[in-house]
Number of protein chains: 2
Amino acid sequence: MQRISASELAQRRDRLREHAPEGFVLFTPDAIRYFTDFWFLSNERPIAYVELDGDEPFVFVPGFEVERTQAETSFARIESYPEYPGIEHPMHVLARLVGKRERIGVDNDGYPGILGYAGPSLSEVSGATVALLGDAIESLLRIKSPAEIELIRESGRWCAHAHRLLQEFTRVGVTEAEASLRASSESTLAMLESGEYGQLGSADGVKAGYRGQIGVRSAWAHAIGHDIEFAAGDLLVSETGAPVWGYNAELERGMVIGEPSDRVKWMFEHVVAAQQVAFDAFGPGITCADVDGAVMRYFEQHDLLPYWRQHTGHGVGLRNHEAPFLDVGDHTLVEPGMVFTIEPGVYDSQVGGLRHSDTVVVTEDGVEILTDYPRNLESLTIPV
Amino acid sequence: MQRISASELAQRRDRLREHAPEGFVLFTPDAIRYFTDFWFLSNERPIAYVELDGDEPFVFVPGFEVERTQAETSFARIESYPEYPGIEHPMHVLARLVGKRERIGVDNDGYPGILGYAGPSLSEVSGATVALLGDAIESLLRIKSPAEIELIRESGRWCAHAHRLLQEFTRVGVTEAEASLRASSESTLAMLESGEYGQLGSADGVKAGYRGQIGVRSAWAHAIGHDIEFAAGDLLVSETGAPVWGYNAELERGMVIGEPSDRVKWMFEHVVAAQQVAFDAFGPGITCADVDGAVMRYFEQHDLLPYWRQHTGHGVGLRNHEAPFLDVGDHTLVEPGMVFTIEPGVYDSQVGGLRHSDTVVVTEDGVEILTDYPRNLESLTIPV
């Protein structure tokens, strides 16, 4: 898989310059990755990307990162400081490099307090007025390019691969941890064997599991993983993730272990139908609130409101959740290139919960589904 | 393992009240966990803990978390909002619950921008003046109680367990991913079999790997994991982590595959000696800068400065890195109960790097080492 091209990254930075004609300094790891595709472990030691009028752009890293940055990136200029906090605080080193400026665009006024970091703001050390670019950056993140959509689609393929394994390893008497660790490990190794998907390592591969949504606990939309053993009759809500050069699709399925009861069949049908209502709701001129509103109407019409727990979905891309949200309170206009999860669920505290989550990209007249995995009850029944 | 007791949590909140007599609102997941031991998946939906003068304390969660919070915590009062952003923004719901106040202590003036969240600050919606408690919270985090130290010690035991497996699975021709995933999975399952260590699930177990510090890349103190195959002669720097009720020790070892060269033996001896210099430097009245200064003097005296890359260590506990830092620029007085990593490394761009990281707790007259794993070259040579 191709990572995002240098020209597309340059285009992103040009768009940001429209909001910051005098240039900008980026401090948050997500923004640096989005605008430069620079990968690093972030901790108390500040890293920044600086692109200011009349000066050669540069990346600012702790000294020990200089050799790696030279070897693995195409930054023409790399500036550094010895250590954090150091004899001279890194923000003062940065201020000297930035020089005297009237106004600087920033994602954040200084390095955020990651893992114990503390220090002065950029405006304090540089004397410049800072213009906050957070909203502009969020609006750029919202619309995905064809290259980004391909990365998310590929992520969705690996989610499906991992989900097939998860389903295979989920059996009565096995614990979530056993099924999850095995499906995650095998999928990560398969991904590594088949090509380049980003700096994959021990902590950065495929994840597949249930986050504790097993049995009646599946009614808790965000249960937390415990070491639960699968039992006949359990409802399950899965989750999978497989970053491809940092981009994520989301694929989740409601499932049942053994012959489903009539009640479970009834819940399952509504999950599938409510998701279809959301898929069908997209079209020119619609807002996020309209999509969620259509799903809410479905719940209302079928007396399902007691079983409603969460909005229809969220943006997804470099982050697992991002704005805008498919929520009755989010009036963002839906535009082609936006990527959302669609995941209305039906939750009954006495029985459990069911939810399918698929990832879609908005097209001119609807959506295209980027995750391909069965949604019907037969395919999602685990044999006992 | 016992998690932190209710009385110790109450004591922590009492200490925070000394800095915020009118009470406080906590928005950051780390602070909520530290003061209440409440575990949750954090995302765009705000979660807060509120303890204000004259009012019953409460936790503020999205509606779908209410049942789980009732079942799994001992909060006497749980308040909620339907969804984010919702018809009414959660911050307005919170403002109504908080009521009219002159002054409120906060860790952050509103919910931080997690995963796409946006919203007004607490001072805007409540009209109160907020007093920032960040520094007070950091100072409380720094000194660990006996119960916290036991959790970190237990984490260190599981790090050692995982490291033994990692070392066993690291062989010429195997990739980092294979060795790492296998050691991590087996250790996580062993931990689950032997007791309760927190809400362990698919994404929350033991990690053991090399973050790409393999061969000459081991000279990059924070290389990023790639799918590298181990080869004879490689230098390695490992990493392990095993949260126990959220608490972490850190254990890392410099290793070599096959017969070490004289140059590697020389580097290795200095790594062990520099770490001993740091262990020995602790004592009454010493500062963080003094400890790092002692190590720097060792580097200087042995003409090792060209091979120096990082400060001696960092605080560790609920977060993998936290203040204070064992750095020449951090003049914090070292106090009994502080927990640090001790990890001076020797890095040669032409050969590779070596670093041992151990976790220590400061005592009245020195340190006690909480991670027990061999440090000598013979034990850390992988057979070919």
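Every chain is numbered from 1, with letters handed out A, B, ... down the list of sequences. These numbers were taken from a predicted model, which means no experiment stands behind them.
Pairing each heavy atom of A/F325 with each of B/G116, the nearest pair is CE1-O, 3.6 Å. Closest heavy-atom contact between A/A221 and B/F64: CB-CD1, 3.6 Å. Residues B/Y84 and A/D327 approach most closely at O-OD2, 2.8 Å, considering heavy atoms.
Interface check for chain B: of the options A/H314, A/H311, A/E322, the most heavy-atom pairs under 4.5 Å are formed by A/H311. With chain A as the partner, the residue from B/S185, B/A223, B/A289, B/A323 showing the most heavy-atom pairs under 4.5 Å is B/S185. Among B/L115, B/N320, B/D330, B/D30, the residue with the largest count of heavy-atom pairs under 4.5 Å with chain A is B/L115.
When side chains are defined from C-beta on, B/E83 does not count as touching A/V328, because their heavy atoms never get closer than 4.5 Å. For the pair B/R319 and A/E44, the minimum side-chain heavy-atom distance is 4.5 Å or more. In this structure the side chain of A/L192 never reaches within 4.5 angstrom of the side chain of B/T175, judged on heavy atoms.
With a 4.5 angstrom heavy-atom cutoff, A/Q310 touches chain B via backbone and side-chain atoms both. Only the side chain of A/N43 has a heavy atom closer than 4.5 Å to any heavy atom of chain B. At a 4.5 Å heavy-atom cutoff, the contact between B/E65 and chain A is made by side-chain atoms alone.
In summary, B/E67 and A/R217 do not engage in a salt bridge, as defined by a charged side-chain N under 4.0 Å from a carboxylate O.
Atom OG in A/S349 sits 14.0 Å away from atom CZ in B/R68 (nearest 0.5 Å). For the atom pair B/E72 CD and A/I224 CD1, the distance stands at 7.0 Å (nearest 0.5 Å). Distance check: A/H222 NE2 to B/I47 CD1 gives 9.5 Å after rounding to the nearest 0.5 Å.
Judged purely by distance below 3.5 Å, without hydrogens or angles, the side chains of A/H321 and B/R45 never pair a donor atom with an acceptor atom.
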